[in-house]
Every structure is written in structure tokens, then in C-alpha cells.
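Throughout, a chain's letter reflects where its sequence line sits, starting with A, and its residues are numbered from 1. Below, each value reflects all heavy atoms present in this structure, side chains not excepted, and no hydrogens, waters or symmetry copies.
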2 protein chains.
Amino acid sequence: MPEILDPQSPRLPRPALPGLDGVSPQIRQAILASGQSARLEGGQVLFRQDDPARRCYLVRRGRLKLVKLHEQGKEAVFRYIGPGEITAAVAVFKEKAYPLTAVAIGDTEVAGWDRGTIMALLRQHPDLALHLLQVVVERLDEVQTRYLELSAEQVQQRLARALLRIMKHSGRRTAEGILIDFPLSRQELADYTGTTLFTVSRTLSAWEKNGWVASGRERITITDPHALVKFSETGETD
Amino acid sequence: MPEILDPQSPRLPRPALPGLDGVSPQIRQAILASGQSARLEGGQVLFRQDDPARRCYLVRRGRLKLVKLHEQGKEAVFRYIGPGEITAAVAVFKEKAYPLTAVAIGDTEVAGWDRGTIMALLRQHPDLALHLLQVVVERLDEVQTRYLELSAEQVQQRLARALLRIMKHSGRRTAEGILIDFPLSRQELADYTGTTLFTVSRTLSAWEKNGWVASGRERITITDPHALVKFSETGETD
DNA sequence: CGACGCATTGACAGGGCTCAATTTAAGTGG
DNA sequence: CCACTTAAATTGAGCCCTGTCAATGCGTCG
């Protein structure tokens with residue numbers, strides 16, 4: 001799996017919150033040290049939905065895709081998470097299964113803690129529990145927002161929102177515009193927006209003509225974010 | 001607003017979790033006593049999305065509808081909550097707005113706590129914080145599940161799931177079958193499933209012919225839950 | 001260079017939305 | 001208790017967005 005990005009180009013500034021922010025640096029170090037790390041290669045599954053949730057993870061390098069699979073082969077992508085972000089907070093509770101499946105995108109390294117360790121950490125550091133609650137609330141909010149969009153907006157508008165959301169989270173400024181940080185196929189975008197790869201392809205082609213985006217194989221650059229924002233808010237082509 | 005239900009008929013047994021379960025009865029009493037109560041009549045708004053989140057609430061009597069409104073008039077219904085259930089956990093954090101709007105269905109009574117009080121309670125009772133985290137995780141799970149269904153399934157299947165979900169939460173056994181506890185119009189069901197009142201009406205008419213449901217004005221009884229479950233899982237009419 | 005996987009484009013059809021016209025039922029006032 | 005009002009529900013007709021399927025093009029890698 002190739003690195004598609006120029007490491008020189010700067011990441012976009014993004015609002016801090018994920019991971020272990022909210023505790024002091026030395027405590028963070030101690031926590032990180034207590035985790036067990038694991039390496040994954042592209043496509044490998046870290047945890048699977050409906051399996052009993054035993055461990056909670058933090059991404060150290062690379063990227064995870066969090067999806068939910070449906071019986072008849074479809075899947076919904078919920079998030080792409082990168083270094084510093086945590087997932088599988090459910091592991092805090094016994095008797096619950098993972099709600100999502102986590103798949104590595106390219107080579108990825110994670111740190112993991114089992115339930116006992118997490119509980120101990122949460123009891124030792126009350127700030128951590130509050131921070132975790134905040135992270136979960138944040139995600140609930142995002143899913144609810146996307147649910148509303150899915151039920152109220154047409155495909156193209158949702159696709160615009162998806163690109164902007166992924167761009168904010170994983171964008172990297174380049175000469176052309178803002179490049180999405182990792183390989184992202186039409187099919188993946190379709191799974192993210194609840195449509196088909198064909199509709200995504202057609203739409204990107206049209207936007208390429210408008211000069212809003214520039215795209216290639218598993219590679220997308222937003223060249224006119226402003227136009228895309230306007231469209232994502234109104235759904236109108238004017 | 002009339003009471004549509006016979007108070008004699010038993011509520012379905014439901015898995016406990018919501019509200020203040022998870023703390024001892026006497027503490028629960030103390031907490032309840034510290035809340036400020038308010039009365040609402042049908043249609044009245046308790047809190048509005050995007051308003052700053054100041055208070056967190058527990059339903060004592062009646063019912064709240066939690067929805068998210070979209071610019072162009074559409075709305076998505078996320079939950080109907082009844083006595084004992086809490087909402088607006090976001091109020092725990094400063095600098096965040098309510099993600100949803102809460103509207104009373106019929107006369108309703110709630111208890112509310114402001115941010116300061118909640119924070120104090122959470123610090124006094126660590127169990128409460130963990131329980132709150134559990135409630136939020138539970139809801140995140142449900143929304144993600146519904147998101148997947150919305151993106152992968154057709155209207156009728158989603159409608160079957162919606163009826164069953166609401167039935168489990170707010171069903172009451174009667175001679176005919178299981179009656180939904182509160183006035184529920186075609187439009188509301190449409191907002192719950194992400195469709196239109198027309199499609200809901202047509203579908204319910206068809207199911208009424210099958211003997212799966214019996215329905216009237218803002219009133220729905222599931223007469224053959226088993227058939228509906230089967231359909232909700234396969235989407236097939238066999 | 002050949003092969004495999006991703007992307008593009010066209011043709012087609014159907015699920016479900018839109019809109020309009022009625023019908024039904026509940027609530028209200030005399 | 002009945003006529004009147006109002007809101008919910010039903011039903012039909014038409015069409016459009018978008019999913020489905022098939023054929024082809026293209027970029028990457030072994």
C-alpha cells in the first residue's frame with residue numbers, strides 16, 4: 001500500500017479533543033506506556049462488530065476505518081480515525097459487544113487496553129472518565145447529524161458534506177487544493193454517504209468539470225472548498 | 001389531548017437501564033428531590049436544538065419526543081421517552097448546545113437540574129457518571145444501527161423495524177394485540193423512518209389487510225408481531 | 001506487457017416522493 | 001344530539017432521482 005501523500009505538506013489545524021487530551025502530559029505518558037501495542041496491515045480487521053468488547057484502542061500510526069456491516073453485503077462507514085484518536089469505548093462495559101467493525105487502512109499501529117486496565121485508569125483519573133464521556137457525546141452528535149442529513153437530503157448534497165467532513169478531519173494542504181490524506185475509493189465514499197459508487201463517480205465527474213475537485217484513483221483533492229460548502233448547505237447548483 | 005389507553009392493560013416488561021437506575025434507592029430519592037420540576041402541555045417545547053445546553057431532564061409523567069429539525073421543514077424523530085428516562089446529558093459540558101429538540105406529547109411533567117448541580121452529583125456519585133456513560137453509549141449504538149438501516153434497507157422494512165422498536169419501548173398489551181402507548185400519526189412515523197406520510201399510510205393499509213396491524217387515527221396496534229419481526233429481518237413478503 | 005482492480009459512462013427501470021382530490025374521524029358549539 | 005369545523009388518513013396518477021446492470025476505459029503493479 002503506497003503512501004499517496006507528501007509528508008512535507010501541512011495538515012489542516014483541527015479542533016483538539018480526541019484521545020488522551022484532557023489529562024496532564026506525564027499521566028498521558030504513563031497511560032500510553034501501559035498499553036499493549038499491535039501492528040496491522042491494510043485491510044486487516046482490528047475488531048469485529050458483535051464480538052464481545054474486550055479492549056479499547058488508540059491509534060498511534062496509520063488509520064482505521066470504522067464501519068457497520070449489513071447482512072446483505074452493504075456497509076456504512078462512520079469514521080476514519082488517525083493518530084491520537086481512541087475507539088471502542090464500549091469496552092468499558094461488560095456484557096456488551098462492539099457495535100462497529102474496525103479495519104486498518106494501510107499499515108497501522110495501535111495501543112490497546114483491556115477492560116480491567118481501563119476501569120482502573122478511569123477510577124484513578126476522574127478527568128479521564130469525563131473526557132471519555134465528552135468524546136462519546138461528540139460522536140453521538142455527529143451520527144445524529146448525519147442521520148438527519150441521510151433522511152432529509154439528496155445524494156449530491158450528502159456527498160458534498162461527506163467530502164468536507166473528511167477534508168476537515170484528514171485534509172492536507174497542497175498546491176492544487178486540499179488533499180484527502182489517505183486512499184479513498186468511490187466505493188468507500190458511497191458507503192460513507194449511503195449511495196452507490198456509480199452515483200459518486202458521476203457526481204465527482206461533474207464537479208471536476210466545475211473545478212470543485214480534482215480526483216484520481218483512490219485520491220481526491222478539493223480544489224474549491226468554498227463552492228462545495230455553499231452547495232452542501234443549500235443543495236442548489238446556482 | 002385524550003388518553004387513548006386503558007390504564008388497566010399491562011405495559012410490556014422492558015430492560016431496565018434508563019434514568020437513575022444504578023444508584024441506591026435512598027440516593028435516588030435525594031437526587032430526585034433536588035430537581036426542579038416543570039409542567040408542559042402537548043406540543044410545548046422543553047428545549048430547542050442549538051440553544052445552549054443548560055439543564056438536563058428526567059421525565060416524571062407523560063412523554064417527550066426527541067427530534068432534530070432540518071432547514072427545509074423536514075424532521076427526524078430519534079426517540080420517544082417516558083417516565084424514568086433522562087435526556088440532555090450534553091448539559092454536563094459547558095460550551096455545547098442541545099443537539100436535539102424536545103417536544104411534549106400530551107401533558108408532561110419533568111424534573112430538571114442545571115449544570116452545576118449535575119456536576120456536583122456526578123462528583124459525589126461516581127457510579128452515576130459511569131451509568132450516564134452507559135446510557136449515552138447505548139443511544140449511540142441505537143442511532144448507528146438506525147443509520148445503517150436507513151442507508152441499506154427499503155422503506156417498508158424500516159417501517160416494520162420502527163413499529164417494533166416503538167412497540168418494545170412503549171407497547172401495552174390489549175385484547176387485539178400490542179397497542180402503542182401514545183398518539184402516533186402517520187406523519188410522525190414517517191419522520192421516524194425517513195419517509196413520507198403517504199408511503200406510511202399505504203403500507204399500513206396493506207399490513208392491515210394482512211392482519212399484521214390494526215390502526216386508526218393516531219393509534220396503532222400490532223396484531224401479529226411475529227409476522228412483522230420476520231418481515232423486518234428479511235424484507236421479504238413471503 | 002499482461003492482468004487485475006478501480007473508474008467511467010450509458011441505458012433502463014422502479015421505488016418512493018409529489019401533488020391533488022376525497023374520505024373519515026374527532027372535537028366543538030349551539 | 002346534531003351540524004359544523006378541522007385535522008388526519010386514504011388513494012390515485014405521474015414522474016424523477018437514483019439504483020441496477022453491462023460494457024469499456026484506464027492506471028498500477030507484478
Side-chain angles (χ1 to χ4, degrees), chain A residues 1-4 41-43 70 72-76 105-106 149-160 162 180 182-209 213-221 235-237, chain B residues 1-5 41-43 70 72-76 105-106 149-160 162 180 182-209 213-221 231 235-237:
Chain A
M1 196 135 299
E3 277 306 303
I4 67 167
E41 43 190 55
H70 195 264
Q72 52 247 44
K74 306 214 175 191
E75 73 179 57
I105 303 209
E149 290 166 5
L150 187 55
S151 78
E153 297 172 358
Q154 327 224 86
V155 173
Q156 295 201 341
Q157 192 172 355
R158 271 150 41 207
L159 189 54
I180 284 167
F182 58 95
L184 183 66
S185 70
R186 306 292 186 262
Q187 179 64 60
E188 300 253 9
L189 256 179
D191 293 338
Y192 191 96
T193 40
T195 179
T196 63
L197 75 102
F198 306 99
T199 301
V200 171
S201 178
R202 276 183 247 272
T203 304
L204 288 184
S205 295
W207 289 353
E208 192 129 20
K209 289 206 185 76
V213 304
S215 71
R217 185 194 180 87
E218 297 188 326
R219 178 192 174 89
I220 300 175
T221 303
E236 287 156 23
T237 324
Chain B
M1 195 138 300
E3 278 305 304
I4 66 166
L5 52 91
E41 44 189 54
H70 195 264
Q72 51 247 43
K74 307 212 175 189
E75 72 178 57
I105 303 207
E149 290 166 5
L150 187 56
S151 77
E153 297 171 357
Q154 326 224 86
V155 173
Q156 295 200 341
Q157 193 173 355
R158 273 152 38 209
L159 189 53
I180 285 166
F182 58 96
L184 183 66
S185 70
R186 306 293 186 263
Q187 179 64 60
E188 300 254 11
L189 256 180
D191 292 339
Y192 191 96
T193 39
T195 178
T196 64
L197 76 102
F198 306 100
T199 301
V200 172
S201 177
R202 276 181 248 271
T203 303
L204 288 184
S205 295
W207 290 352
E208 192 128 21
K209 289 207 185 76
V213 303
S215 72
R217 185 194 181 86
E218 297 188 324
R219 177 190 174 91
I220 299 175
T221 303
F231 178 80
E236 286 156 24
T237 323

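- Just one of A/Thr193, A/Thr199, A/Val200, A/Leu150 meets the side-chain contact (heavy atoms from CB on, under 4.5 Å) condition when paired with A/Val155; it is A/Thr199.
- Here the nucleotide nearest the side chain of B/Phe198, chosen from C/dT8, D/dG19, D/dT10, is D/dT10.
- For C/dC17, the OP1/OP2 oxygens have a side-chain nitrogen or oxygen of B/Thr195 closer than 4.0 Å.
- Whole-Å rounding puts the A/Gln157 CD to D/dC17 C1' distance at 14 Å.
- The side chain of A/Arg186 places an N or O atom within less than 4.0 Å of a non-bridging phosphate oxygen (OP1 or OP2) of C/dA7.
- Regarding A/Ile220, its CD1 atom lies at a distance of 8 Å from the P atom of C/dA7, rounded to whole Å.
- As rounded to whole Å, 10 Å separates atom C1' of C/dT9 from atom NZ of A/Lys209.
- Within the 4.5 Å cutoff, no side-chain heavy atoms of A/Lys74 are placed close to those of B/Ser151.
- Look at CD on A/Gln156: it is 10 Å from C1' on D/dC17, rounded to the nearest Å.
- Atom CD of A/Gln154 and atom P of C/dG16 are 15 Å apart (whole Å).
- Atom CD of B/Glu236 and atom CD of B/Gln156 lie 13.0 Å apart (nearest 0.5 Å).
- With a 4.5 Å cut-off on side-chain heavy atoms, B/Gln72 and B/His70 count as touching.
- Atom CD in B/Glu218 sits about 10 Å away from atom P in C/dA26, given to the nearest Å.
- Contacts of B/Leu204 with the nucleic acid, taken as non-hydrogen atoms under 4.0 Å apart, are absent.
- Taking atom CZ of residue B/Arg217 and atom P of nucleotide C/dT23, one finds them 17 Å apart after rounding to whole Å.
- Between C/dA7 and A/Ser205, no contact under 4.0 Å exists linking OP1 or OP2 to a side-chain N or O.
- Side-chain contact between B/Arg186 and B/Ile220: present, with at least one pair of heavy atoms (C-beta onward) separated by less than 4.5 Å.
- Atom CZ of A/Arg219 and atom C1' of D/dG27 are 13 Å apart (whole Å).
- Residue B/Ser201 places at least one side-chain N or O under 4.0 Å from the OP1 or OP2 atom of D/dT10.
- The phosphate of C/dC6 has neither OP1 nor OP2 within less than 4.0 Å of any side-chain N or O from A/Ser185.
- Between the side chain of A/Arg202 and the base of D/dG19, no donor-acceptor pair under 3.5 Å is found.
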